[in-house]
Amino acid sequence: MPPTTQKYNILLQHPVPGASSLALNALRKPDQTYHDAIAALCQSTNLVHGWDLDRDDIAEGSIAYHPIFGDIIYGYSWWRASTMELCDNLKAAEANPAIAAHLIHIDSCGGQAFGLHETFDLIRSLKKPCYAVVESCAASAAYYLAAGCDKIFTTSKFSKVGSIGVMVVYVDDSEYMEKEGIKVKELYSNYSPLKNQDSRNLENGETKEFIEKYLDPLAKAFIEDVQKSRKGIAEDSDALKGEIFLGEAAQAEGLIDGVSSLDDVIAKLIKKTAAEVSAEAPAFDINQLTF
C-alpha cells in the first residue's frame, strides 16, 4: 500500500510508560526542545501555539493549540508540558479576539499534582469553547486537565482514560546504603524538633498521618473538581476510585463525550464557534435603514 500523508503529527517528548508506540514516531529530533517540536508541528496546520497566541496578525477564527504530551510538571520547562505555561497560553488565547476556541491535545499518563486545581479552574472559567482530544492516554494529572474542558474525545476506542486519584512514591534506600558501608547522620537544632518529621515518620514505617495530611486532601479536591465538570459520573463509580478505562467504557462511565479523530474534533470546534458567532450577530430591521 502507498504511504499515507497525515495532516497532524503526534508528539511525545520521550516514551511514556503505558502510552502507545506514538513515541517511536515522534517528530522531535535529537537535541530538539519540546517547544521547538511543537512549533514545527503547528507550522503545517491552522493551529496557533505558545508565544504566537498574543500576536495581532493571527487569522480570524483561529484555534489555540495546547499540547500536553508526556510528563506534566508545574514550573516552566523546555522539555516537558507545564501547567504554569498552559495557564499563560490559555490567558493569552482568551484575550486575543482573533482566536475563537481552545484545543487541548493530550497524550500523557500524568505528572505533578501541584498547580492542577488552579489550572482546572482556569480552564473551566474560559469564555471561548475548549475541547480536549486524547490520543493513547489521559490519566491522573492529564485527566484532571481534560476534565475542565467543555468536551472530551478520545481518538481511539483503545485510548486509556481515568486514574482519578493521588499517589506518591517513597524510596527507602537505607538498607542498601548500610550494605555499602554508608551511614547517613541527621542533626536537628533544639529549636526545630518538627523539621522533616513527615519524612522521618515515613522512614519509620508510619504512613497513616502522611496519607491523611497530604494525599487525601489532594485526592478529595481532584474528585470534587471532576464531579463539578463531569455530571454523568455516578457517585459510586470506580472512575472516582482510581480505575482506568478504555475509550468506549470511559464514555459509558461519563469520563468522555465520545470517540473522534483529531480532525473531526477540530471540525466540531469550528462548527461550534461558527454557530456561536451566528447566534451573537445583531439582527437588523431593514425598514429602519436610512440612506
Side-chain angles (χ1 to χ4, degrees), residues 8-43 45 47-54 64-93 102-123 130-149 152 154-155 159-171 214 218 221-222 225 244 262:
Y8 301 100
N9 299 298
I10 307 306
L11 309 180
L12 290 170
Q13 92 275 3
H14 60 76
V16 181
S20 73
S21 60
L22 290 170
L24 301 178
N25 302 313
L27 178 66
R28 183 168 168 253
K29 301 171 183 176
D31 301 322
Q32 185 182 35
T33 68
Y34 182 84
H35 286 258
D36 290 341
I38 298 300
L41 166 69
C42 288
Q43 283 176 0
T45 70
L47 305 176
V48 183
H49 169 260
W51 294 309
D52 290 332
L53 291 168
D54 58 1
Y65 179 67
H66 309 286
I68 302 294
F69 299 144
D71 297 335
I72 300 169
I73 64 169
Y74 171 66
Y76 296 108
S77 171
W78 282 103
W79 304 101
R80 290 180 172 85
S82 155
T83 50
M84 187 181 288
E85 182 178 16
L86 174 60
C87 287
D88 287 348
N89 290 343
L90 288 167
K91 291 174 184 176
H102 303 269
L103 177 68
I104 299 183
H105 191 182
I106 300 173
D107 199 341
S108 169
C109 294
Q112 189 174 351
F114 188 79
L116 291 174
H117 170 73
E118 291 74 18
T119 309
F120 169 88
D121 278 348
L122 175 60
I123 295 171
C130 181
Y131 286 4
V133 59
V134 177
E135 294 290 341
S136 72
C137 187
S140 197
Y143 184 76
Y144 205 151
L145 299 178
C149 299
I152 307 172
T154 63
T155 61
S159 302
K160 292 181 289 186
V161 180
S163 193
I164 297 169
V166 178
M167 56 84 68
V168 67
V169 176
Y170 184 85
V171 178
Y214 294 107
L218 286 169
F222 190 171
D225 282 346
I244 196 162
L262 176 59

Exercise. Is the distance between the ring centroids of Phe69 and His105 under 6.0 Å?
Worked result: yes
* **Chi angles and distances behind the side-chain contact (heavy atoms from CB on, under 4.5 Å) call for Lys160, Thr154** => CA-CA 8 Å; Lys160 292 181 289 186; Thr154 63; over 6 Å; no
Here the pair of heavy atoms bringing Cys137 nearest to Cys109 is SG-SG, 3.8 Å
Taking every heavy atom of Ser140 against every heavy atom of Gly110, the minimum-distance pair comes out as CB-CA, 4.3 Å
Margin query: Is there a side-chain contact (heavy atoms from CB on, under 4.5 Å) between Ile104 and Val133? Walk through the geometry before answering.
Written below: CA-CA 6 Å; Ile104 299 183; Val133 59; over 6 Å; no
Spell out, as yes or no, whether a donor-acceptor pair under 3.5 Å connects the side chain of Ser108 to the backbone of Gly70.
-> yes
Sorted by chain and residue number, the side-chain hydrogen bond (donor to acceptor under 3.5 Å, both in side chains) partners of His66 (sequence neighbours excluded) come out as His102
Residue set satisfying side-chain hydrogen bond (donor to acceptor under 3.5 Å, both in side chains) with Tyr144, at least two apart, ordered chain then number -> Asp225
Contacts of Leu218 meeting side chain to side chain contact (heavy atoms under 4.5 Å, CB included) (sequence neighbours excluded), chain-then-number -> Ala113, Val166
In this structure, SG of Cys149 is separated from CG of Leu103 (nearest 0.5 Å) by 8.5 Å
Rounding to 0.5 Å, atoms CG (Asp71) and CD (Gln112) come to a distance of 10.5 Å
dist Phe114:CZ -> Ile73:CD1 (nearest 0.5 Å) comes out at 13.0 Å
The side chain to side chain contact (heavy atoms under 4.5 Å, CB included) partners of Thr83 (sequence neighbours excluded) come to Ile72, Tyr74, Leu116, Thr119, Leu145
Applying side-chain hydrogen bond (donor to acceptor under 3.5 Å, both in side chains) to Thr155 and not counting sequence neighbours gives Glu135
Rounded to the nearest 0.5 Å, the OG atom of Ser163 sits from the CD1 atom of Ile244 at a distance of 5.5 Å
Here the gap from Glu85 atom CD to Leu90 atom CG, rounded to the nearest 0.5 Å, amounts to 10.5 Å
CD1 of Ile152 to SG of Cys130, rounded to nearest 0.5 Å, is 9.5 Å
Discussion item. Under a plain distance cut-off of 3.5 Å, with no hydrogens placed, do Tyr76 and Asp88 share a side-chain donor-acceptor pair?
Written reply: yes
